[in-house]
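Worksheet: the structure to be examined is printed underneath.
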Protein chains: 2
Amino acid sequence: MVIKCSDCPLQRKPLFKDLTEEEERFMFRFKAGELTVEPGTSLLMEGSNSPQLFTALRGMGLRYKTLPNGRRQVISFIFPGDFVGLQAGIMGEMSHSVEATTHMTLCVFNRADLWSLFKSHSHRAFDLTWLAATEEHFLGEALTSLGQRTAQQRVAWALTRIFRRGQALNMVKNGAMMLPYRQQDLADALGLSLVHTNKTLAKLRDRQLVGWSDGMLTVHDLKALAEVAEMELDDVRQRPLM
Amino acid sequence: MVIKCSDCPLQRKPLFKDLTEEEERFMFRFKAGELTVEPGTSLLMEGSNSPQLFTALRGMGLRYKTLPNGRRQVISFIFPGDFVGLQAGIMGEMSHSVEATTHMTLCVFNRADLWSLFKSHSHRAFDLTWLAATEEHFLGEALTSLGQRTAQQRVAWALTRIFRRGQALNMVKNGAMMLPYRQQDLADALGLSLVHTNKTLAKLRDRQLVGWSDGMLTVHDLKALAEVAEMELDDVRQRPLM
DNA sequence: CGCTAAATTGAGCCGAATCAAAAGTCGTGG
DNA sequence: CCACGACTTTTGATTCGGCTCAATTTAGCG
């Protein structure tokens, strides 16, 4: 049984802007169905021209690119509420792959309907562009991390960003949240080797800043962690939910 | 005297999609004026809420972010036809700074009019989103370069990307184009030190692949350069001009 | 219980950073 | 016309953060 947008559990999270009833109705018409996938499933492939767009409802995943030589760059981690497949939707081709890390449930939209969104729901079109601009913002930050931060700063940067997102999604209980990725995933996201990522995590653990084991991320001192990363801890902006 | 969009010299370059006459008229109404700046001028500042958006008409510049510790990450180089300030336009705040490297001329748009674009020119709104998605694509590639490529591959990657853009803009004459940046700018874009960037350029020069001196970039063997970078040499897509 | 995947730890090496200085380029003013 | 200063490029020497290689430990799981 497909969830109605008006009943969407994500809509209640502090991270998301409210939609008008009219918008909720439109989105529900826009919604083509729901998709449930197992861990490890590929949702979109680099170079593919998928007819579908998604919004992650439950579960986590990741976006990544692979080089000819086999190395992998994780572009970002996918959390509930993230919109996936805009590239294919707009440009006709994905520039990266998307894979489910956990069991996931996603809202499915038809790419063909995207145009009607621009045509007759300019407010939602604006929201979509907002999402794209926000992603651009994020990638600029990530680029800065890889280009200018040391290993320890990178790891600290990534974990505070993840943790803040977790907070905005009400995923944090007693200073801890689920984080079901492997160290290899984080390493590939930060341009570090697995071994060095592991050693760096150990150092942060020893400094009593964070813990991450058994898929649980515990942050003992977010402020201090952000300081290690030399990053601003500005508050998370509400975002539109597609 | 302000250039009419219908007379825009960029529109004739192979890089850009044609606009309908109606769109050209609309864009000209959208256009608030023209701006000319000297080398070194800041166009937008990180964190600022500028009321203006720009399209680069002539000249070159760069986007960058600075960390609290003073290090700088160059996000991208700005070429004629690039749209600047979308972040502030959409999200209300720039996440990076923009600076003119050479003398530049830019079309100026009012941020306040952006909404009318979404409201009544959905096709142009779509184009804007297309640009945002393309930028996202680019940043994903850049991220992959910093995360997974060696110094030599990064430099090769950046130079072939730049050169291809130059080709699409008809800036290449006899295998060479103007490239008025400093080595420090390239270093900051690639997350390398100035010294190592210089040595890496020297190696590529010795291998007879590229030359870059006196602000002129000469590519002797684009195919081979792309191979060094381990990148695909897919053709440049036509893009909308705002 | 053996098998496989993930996390951890140690040793040694190398790519790129830092430090330092020289050399080329260019505009300015005496 | 040349000397001076500011900036950029180039080259050499040295150091070090992070990589690779190689085991070992830990944690599910059929």
Over how many whole Å does the gap from [X] atom [atom1] to [N] atom [atom2] extend?
X: Leu190(B); N: dG15(C); atom1: CG; atom2: P; result: 18 Å
X: Gln148(A); N: dG17(D); atom1: CD; atom2: C1'; result: 16 Å
X: Lys199(A); N: dA7(C); atom1: NZ; atom2: C1'; result: 12 Å
X: Leu194(A); N: dC21(D); atom1: CG; atom2: P; result: 13 Å
X: Trp212(A); N: dA6(C); atom1: CH2; atom2: P; result: 12 Å
X: Leu186(A); N: dA6(C); atom1: CG; atom2: P; result: 15 Å
X: His196(B); N: dA20(C); atom1: NE2; atom2: C1'; result: 18 Å
X: Gln184(A); N: dA5(C); atom1: CD; atom2: C1'; result: 12 Å

- Query: So which heavy atom on Ser48(B) is nearest to which on Leu44(B), and how close?
  - Reply: OG-C, 4.5 Å
- Message: Any heavy-atom pair between the side chains of Asn69(B) and Gln148(A) that's under 4.5 Å?
- Response: no
- Check whether any side-chain heavy atom of Glu38(B) sits under 4.5 Å from a side-chain heavy atom of His103(B), and report yes or no. yes
- Message: Does the plane of the ring in Phe109(A) sit parallel, tilted or perpendicular to the ring in Phe83(A)? Use 30° and 60° as the thresholds.
- Response: tilted
Does [N] have its OP1 or OP2 closer than 4.0 Å to a side-chain nitrogen or oxygen of [X]?
X: Arg205(A); N: dT8(C); result: yes
X: Gln183(A); N: dT8(C); result: yes
X: Asn198(B); N: dT9(D); result: no

Considering every strand and a 4.0 Å limit on heavy-atom distances, what is the contact class for [X]: base, sugar-phosphate, or nothing?
X: Gly215(B); result: nothing
X: Arg149(A); result: nothing
X: Ser213(B); result: nothing

- From the candidates dG18(D), dA16(C), dT9(C), the one with an atom nearest any side-chain atom of Ala151(B) is dA16(C)
- Message: Among dG18(D), dT20(D), dA16(C), which nucleotide has an atom closest to any side-chain atom of Leu192(A)?
- Response: dG18(D)
- Any donor-acceptor pair under 3.5 Å from Arg164(A) side chain to Asp234(A) backbone: yes
- Item | Residue whose nearest DNA chain D nucleotide is more 5′ - Arg182(B) or Ala202(B) | Arg182(B)
